K.L.:
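Before I ask anything, here is the structure I am working with.
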Amino acid sequence: MSPKLDEFVEGSTSIPKKITQENNTKTNILFHELNRVSNKERVGNKVQVESYQLKSYTDYFILSTVYDAKFNGAGIKLYDTANQRVLYINDPYGHVPYCLSREPIEKLEQYKFPKGTIKRFESINKKDLLASSEVNLTKIYTPTPSEVPKVRDVLGDTWESKIKYHQNWLYDTQLVPGRKYWWDEENYKFIEAKSSTSGMNIPDTALNYLKQYEGLIDVFIDDFTQEIPDMPVVACDIETEYEEGQIPQPSDPKFRIICICLVDNRGKEYALVLNRDEIDRGEKTEIIPSELIIERFTAEEDLIKRAFELLVKYTVVTSFNGDNFDFPYLHERARHLKIRETNPIIWNKRSGDCNFKSALHLDLYRFYHNIAIKTYAFGNKYREENLNAIAEALLGIGKLKISTGISELPEWELINYCLRDAKITLDLLLFDEKTPLNLIFILSRVSRTPIDDLVRTSVSTWVKSLFYFEHRRRGLLIPNPEDLLIKGTQASSEAIIKGKKYKGARVIDPVPGVHFNVAVLDFASLYPSIIGTFNLSYETILCNHEKCKENHVPQTKYWVCQENRGIMSDIIGFIKDVRVRWIKPESKRKSSNQIFNRILERSLKVLINASYGVLGSDRFPLYCLPVADSTTAYGRDAIEKTIQKAQILGIKVLYGDTDSVFLENPSKQEIEEIINWSTAELEVSLEMEKIYRYVVLSERKKNYFGVYPDSSVDVKGLMGKKRNTPMFLQDGFADVLKILSEVHSEEDFDIAKNKVKELVKNIYQKLENGKYTGEDLAITMQLTQPLHAYKVNAQHVKAAKQLENSLQKQYKKTHDGNSSNKSFIKAGQLIKYIKTQTDKHVIPLELYTEDTKIDIKSYRSMIDSIFDQLFGALDIDTTEVATGQINLMDFFG
DNA sequence: GCGGACTGCTTACCT
DNA sequence: ACAGGTAAGCAGTCCGCG
């Protein structure tokens with residue numbers, strides 16, 4: 001029973017007869033012979049076809065799936081560990097696309113479907129959680145995935161018809177991307193491979209908790225314990241020529257590619273450069289490493305071909321913005337130069353994605369741009385999402401500064417520049433023992449999202465995928481978004497912010513002043529814990545059981561089911577408990593797996609923290625308002641009860657936000673008592689988060705700073721920290737904090753205050769005397785919309801408009817009076833401007849000159865407000881001055 | 001015509 | 001295209017002033 005390998009070579013469009021044998025009705029998976037397993041690599045004009053056969057007892061990692069239109073079925077990318085190659089195979093299971101209808105076959109047969117829409121009908125049973133009963137459904141098979149929308153058009157009501165085919169394939173086969181499989185030659189299917197590194201046993205303490213999650217641990221265990229393969233990775237960066245004011249674009253690839261750098265994780269570095277007579281070689285600098293292989297080309301075609309030849313050797317190709325620039329440009333430039341046949345890049349113009357058949361493409365711009373990754377995985381360490389900012393924040397090195405435009409750069413400098421970009425790109429995927437790559441793998445496994453989709457999509461897609469996969473595993477009908485609306489579209493609470501759907505967290509009024517010895521307790525993963533503990537899920541909220549109505553959600557009119565475990569609470573609770581009961585303690589223990597465990601912990605945190613948010617988003621396909629509304633209601637209840645408890649114990653609560661309480665000088669016993677009480681009474685675990693030597697609170701919420709016992713400072717929300725504060729003030733603020741961090745007692749404050757006085761006086765003087773540069777004074781603000789979309793002519797918008805005008809004028813000058821039809825200033829861009837005494841009150845930094853009249857008054861009031869925030873609070877305990885209302889000028893004289 | 005009270009827009013932060 | 005809550009600055013508007 002040996003598979004015929006060449007049955008499906010390129011160009012063949014017929015489907016083998018065996019595929020029609022739709023047997024195995026038990027699992028609804030269709031088997032046929034493995035039709036084609038080949039990995040093509042073309043070198044030069046020769047086409048090499050490497051026939052390949054899946055072997056038994058070989059480790060294959062499933063990387064991703066796609067819909068392969070040529071084959072009309074799923075295409076699967078496997079990583080073959082034995083040969084360190086990516087294999088692209090077509091669906092060996094013979095899965096057929098479908099959607100579901102509630103109508104019986106007889107009824108469906110009366111409908112008129114466009115010709116060729118229906119393959120066949122099949123009657124099946126599934127469990128409908130909303131009806132809490134079995135339902136009879138008809139599975140409507142279609143020839144290709146593109147007929148599914150046509151079925152929907154005719155029937156109106158269909159289920160599971162909006163799931164992407166390549167993802168649906170994974171849910172049906174229950175194969176998990178990122179995980180390791182063996183090929184079972186006898187049965188023509190993948191089987192789970194034994195993990196060589198599953199040495200990580202679950203400690204009994206954790207296991208006791210995880211037992212309650214019926215069988216989930218068996219299903220997910222390999223996600224957490226399996227090793228991640230060591231694959232050949234290459235980072236790629238290209239440089240092109242360009243003209244002033246014209247950014248090279250794939251849609252018009254008129255500029256030459258002058259340099260391509262490739263850096264891999266096996267120590268190889270390539271610089272492919274175009275010989276240009278007009279360009280100086282320049283001086284070879286020391287920065288260029290000796291192991292760098294430099295290849296020079298006279299013809300751009302040869303340079304590109306060589307890049308292709310190198311790229312196809314790798315399993316993972318990584319880039320920074322390769323989806324939107326490097327690879328589409330390379331693709332189109334190759335087409336422009338008529339070298340189509342060796343082009344390994346697959347550019348999906350509609351989605352904007354670039355892929356390789358023989359490799360995974362991971363565009364790090366898209367990954368780091370992901371807000372959940374940015375906040376939960378990297379703790380907001382980088383504030384801007386460009387290569388330089390991210391690399392500087394995470395690696396400590398940024399892009400190279402260059403002396404002139406790319407086009408005019410001496411060759412050595414060009415190589416250095418391009419090489420640096422490729423190097424930091426590689427590092428951004430592999431730093432800290434491959435933290436980002438491992439993060440991608442684990443998230444992909446747990447969320448059941450193909451790896452290349454994972455990098456390009458946001459948490460809502462990941463959580464959706466996880467929920468869908470689990471519905472399918474349990475034989476449950478996946479509800480349509482409309483089905484969930486029966487639970488109510490009107491919130492039970494009223495939001496404090498206008499335009500929001502429901503009420504959120506509770507923020508406690510701070511007690512202004514300086515407080516020594518403050519303990520901060522917080523609830524561990526408050527919202528996920530609530531969802532898990534209180535059984536919140538779309539089918540359990542407002543359930544049909546009369547008895548459950550007693551189990552009401554505090555501060556709302558909702559109740560929650562006590563009979564059945566909710567699917568959402570089960571999954572979210574499970575992952576939360578894996579994290580807090582098992583992985584988190586493990587990641588603090590010294591072991592050979594410690595770094596891996598830390599990454600694992602962070603991956604779970606990303607999923608967990610985002611899971612509540614998606615439930616409250618009306619764009620999420622399993623959006624359920626009462627669930628989100630209840631989650632925050634339980635949250636408010638928890639923090640309010642904790643404050644009451646503290647007060648009963650006689651401990652002063654100084655502040656609290658959402659899931660935290662700041663306690664004034666509590667004893668160890670008191671802390672312990674509150675923590676024990678909360679575990680028992682609230683069923684949500686409260687933890688000791690941190691202790692401040694002292695904390696300075698103002699009358700403002702979400703604004704404070706605390707000093708730890710080791711003198712490090714924790715600043716929250718203060719203006720001095722915000723990025724739209726001019727640099728001279730951010731610096732001044734940092735200096736003041738440094739002085740304050742050295743304060744140990746109330747007496748120290750007097751000394752510190754004198755130092756601070758001097759410092760602030762100095763800032764005033766420097767401002768008056770014009771000692772600050774434009775950079776120092778510039779206010780940086782993000783333009784979140786395109787210029788024309790603004791309703792209000794805000795200052796940063798005014799500045800951006802001035803800059804746009806000036807750039808247009810400049811363009812006109814260099815292009816014979818033709819004005820550019822595109823705008824130079826785009827949404828998302830940061831605008832730097834300076835406050836002036838000109839008619840518009842602002843000027844963009846780019847147009848600032850020595851002669852520009854600064855609006856000193858404005859800047860002075862900025863100094864006032866920034867330091868008022870600090871001293872308003874400081875003065876309360878140290879002097880008897882009233883809260884925060886003193887003007888700094890009066891105060892410092 | 002001008003300033004204060006007010007609302008709404010915008011950004012950046014906190015949890 | 002994950003949530004709501006808070007602070008701050010400014011633009012724009014209305015109102016009262018006779």
Side-chain angles (χ1 to χ4, degrees), chain A residues 369-376 379-380 383-384 457-464 491 493-510 520 522-528 531 572 606-625 627-629 631-633 635-636 639 655-661 689 698-705 714-725 779-785 789-798 800 828 830-831 835 840-842 858 861-862 864-866 868-869 884:
Chain A
H369 193 67
N370 186 308
I371 186 124
I373 293 295
K374 186 180 166 187
T375 47
Y376 304 129
N380 276 321
R383 289 209 270 202
E384 294 162 50
T457 56
S458 60
V459 269
S460 71
T461 310
W462 309 345
V463 177
K464 174 184 78 179
S493 65
E494 201 191 327
I496 290 171
I497 307 169
K498 247 190 221 171
K500 298 287 183 184
K501 301 183 292 270
Y502 59 94
K503 193 179 235 158
R506 188 69 216 280
V507 187
I508 311 303
D509 276 322
V520 179
D522 76 351
F523 292 105
S525 312
L526 180 66
Y527 290 158
I531 292 168
I572 293 172
V606 172
L607 272 182
I608 281 306
N609 286 359
S611 59
Y612 147 74
V614 299
L615 295 183
S617 161
D618 49 19
R619 298 168 189 99
F620 184 62
L622 295 174
Y623 164 65
C624 190
L625 180 96
V627 171
D629 201 2
T631 307
T632 55
R636 293 191 298 275
I639 189 172
Y655 177 59
D657 186 349
T658 313
D659 60 356
S660 65
V661 281
E689 227 247 321
S698 70
E699 70 276 15
R700 301 164 184 87
K701 296 168 174 181
K702 298 180 190 285
N703 265 269
Y704 63 89
F705 88 95
D714 199 12
V715 185
K716 299 291 179 186
L718 300 182
M719 280 162 69
K721 195 187 155 182
K722 296 196 176 185
R723 84 168 170 199
N724 55 356
T725 298
I779 295 161
T780 309
M781 223 181 263
Q782 192 181 25
L783 207 65
T784 60
Q785 313 172 41
Y790 280 94
K791 289 179 187 161
V792 166
N793 211 3
Q795 296 196 327
H796 69 302
V797 179
K798 275 183 200 157
L830 293 178
I831 304 293
K835 297 202 171 211
K840 294 207 170 76
H841 303 292
V842 291
S858 260
S861 72
M862 253 192 238
D864 288 353
S865 41
I866 279 171
D868 270 353
Q869 274 196 347

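Throughout, a chain's letter reflects where its sequence line sits, starting with A, and its residues are numbered from 1. All values reported here derive from a predicted model rather than from experimental measurement.
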K.L.:
Rounded to the nearest Å, what distance is computed from the CG atom of residue A:Asn724 to the P atom of nucleotide B:dA12?
P.N.:
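Distance check: A:Asn724 CG to B:dA12 P gives 6 Å.
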K.L.:
Taking only the side-chain nitrogens and oxygens of A:Thr632, find out if one of them lies under 4.0 Å from OP1 or OP2 of C:dG4.
P.N.:
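Indeed not, no polar side-chain atom of A:Thr632 lies that close.
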K.L.:
The criterion is side-chain contact (heavy atoms from CB on, under 4.5 Å); which residues satisfy it with A:Ser660, sequence neighbours excluded?
P.N.:
A:Val520, A:Asp522, A:Asp657, A:Phe662
K.L.:
Look at the side chain of A:Ser460 and decide which nucleotide, out of B:dT15, C:dC2, C:dA3, has an atom nearest to it.
P.N.:
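For the A:Ser460 side chain, the nearest candidate turns out to be C:dC2.
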K.L.:
In whole angstrom, give the distance that lies between atom CD1 of A:Ile572 and atom P of C:dC2.
P.N.:
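After rounding, the reported distance stands at 15 Å.
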K.L.:
Nearest to the A:Ala495 side chain among C:dA8, C:dA11, C:dG5, which nucleotide is it?
P.N.:
C:dG5
K.L.:
Taking the minimum atom-to-atom distance to the side chain of A:Thr784, which one of B:dC13, C:dG5, B:dT11 wins?
P.N.:
B:dT11
K.L.:
Looking across every strand, which nucleic acid part, if any, lies under 4.0 Å from A:Ser611 by heavy atom: base, sugar-phosphate, or nothing?
P.N.:
nothing
K.L.:
Can you work out whether A:Lys835 or A:Asn609 has the more 5'-proximal nearest nucleotide on DNA chain C?
P.N.:
A:Asn609
K.L.:
Using 30° and 60° as the class limits, which term best fits the ring planes of A:Tyr790 and A:His796: parallel, tilted or perpendicular?
P.N.:
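It falls in the perpendicular class, over 60°.
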K.L.:
Would you say a side-chain N or O of A:Tyr790 is under 4.0 Å from OP1 or OP2 of B:dT11?
P.N.:
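The answer is yes; a side-chain N or O of A:Tyr790 sits under 4.0 Å from OP1 or OP2.
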K.L.:
B:dC14, OP1 or OP2 - any side-chain N/O from A:Lys721 closer than 4.0 Å?
P.N.:
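Affirmative; the distance criterion is met.
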K.L.:
Measure from the side chain of A:Lys503, starting at C-beta and using heavy atoms only, and say which of C:dG5, B:dT15, C:dC10 lies closest.
P.N.:
C:dG5
K.L.:
If the cut-off is 4.0 Å, is A:Gln782 near the phosphate of B:dA12, judged by side-chain N/O to OP1 or OP2?
P.N.:
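Result: yes.
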K.L.:
Kindly say if A:Arg636 contacts the phosphate of C:dG4, meaning a side-chain N or O under 4.0 Å from OP1 or OP2.
P.N.:
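It does not, given that no N or O in the side chain of A:Arg636 lies less than 4.0 Å from OP1 or OP2 of C:dG4.
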K.L.:
Between P on B:dT15 and OH on A:Tyr376, what's the gap in Å once rounded to a whole number?
P.N.:
12 Å
K.L.:
Pick the closest DNA chain B nucleotide for A:Lys791 and for A:Lys716 by heavy atoms, then say which residue is nearer the 5' end.
P.N.:
A:Lys791
K.L.:
Take the protein atom CG of A:Asp659 and the nucleotide atom P of C:dA3, then report the distance between them rounded to whole Å.
P.N.:
18 Å
K.L.:
Out of C:dG4, C:dA7, B:dA12, which nucleotide sits closest to the side chain of A:Lys701?
P.N.:
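Of the options given, the side chain of A:Lys701 lies nearest C:dA7.
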K.L.:
For A:Gly616 and A:Ala628, which heavy atoms make the closest approach, and how far apart are they?
P.N.:
CA-CB, 3.6 Å
K.L.:
Search all heavy atoms of A:Ser460 against all heavy atoms of A:Phe620 and return the closest pair with its distance.
P.N.:
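It is O-CE1, 3.4 Å.
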K.L.:
Give the rounded distance in Å between these two atoms: NZ of A:Lys500 and P of B:dC9.
P.N.:
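My rounded result for the distance is 13 Å.
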K.L.:
Check whether any side-chain nitrogen or oxygen of A:His796 sits under 4.0 Å from OP1 or OP2 of B:dT11, and answer yes or no.
P.N.:
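The answer is yes; a side-chain N or O of A:His796 sits under 4.0 Å from OP1 or OP2.
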K.L.:
State whether A:Arg700 places a side-chain N or O below 4.0 Å from either non-bridging phosphate oxygen (OP1 or OP2) of C:dA7.
P.N.:
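No, no such contact exists.
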K.L.:
At under 4.0 Å, does any side-chain N or O of A:Ser660 touch on OP1 or OP2 of B:dT15?
P.N.:
no
K.L.:
To the nearest 0.5 Å, tell me how far A:Lys835 NZ sits from A:Gln795 CD.
P.N.:
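Rounded to the nearest 0.5 Å, the NZ-CD separation comes to 4.0 Å.
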K.L.:
Which pair of non-hydrogen atoms, one from A:Lys501 and one from A:Ala491, has the smallest distance, and what is that distance?
P.N.:
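Taking every non-hydrogen atom into account, O-CB, 3.2 Å.
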K.L.:
If you round to the nearest 0.5 Å, how far is OG of A:Ser458 from NZ of A:Lys464?
P.N.:
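Between A:Lys464 NZ and A:Ser458 OG, I get 9.0 Å after rounding to 0.5 Å.
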K.L.:
For A:Asp522 and B:dT15, what is the distance between atoms CG and P respectively, to the nearest whole Å?
P.N.:
10 Å
K.L.:
Under 4.0 angstrom, heavy atoms only, what part of the nucleic acid is A:Arg506 near: base, sugar-phosphate, or nothing?
P.N.:
nothing
K.L.:
Rounding to a whole Å, what distance do you find between A:Arg383:CZ and B:dC13:C1'?
P.N.:
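Value for this atom pair: 10 Å.
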K.L.:
With a cut-off of less than 4.0 Å, is there a side-chain N or O of A:Ser458 near OP1 or OP2 of C:dC2?
P.N.:
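The answer is yes; a side-chain N or O of A:Ser458 sits under 4.0 Å from OP1 or OP2.
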K.L.:
Can you find a side chain N or O atom of A:Ser865 that sits less than 4.0 Å from OP1 or OP2 on C:dG9?
P.N.:
yes
K.L.:
Calculate the interatomic distance between A:Ile497 atom CD1 and B:dG8 atom C1'; express it in whole Å.
P.N.:
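Going from CD1 in A:Ile497 over to C1' in B:dG8 covers 14 Å.
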K.L.:
Side chain of A:Tyr502: nearest nucleotide among C:dG4, C:dC10, C:dA7?
P.N.:
C:dG4
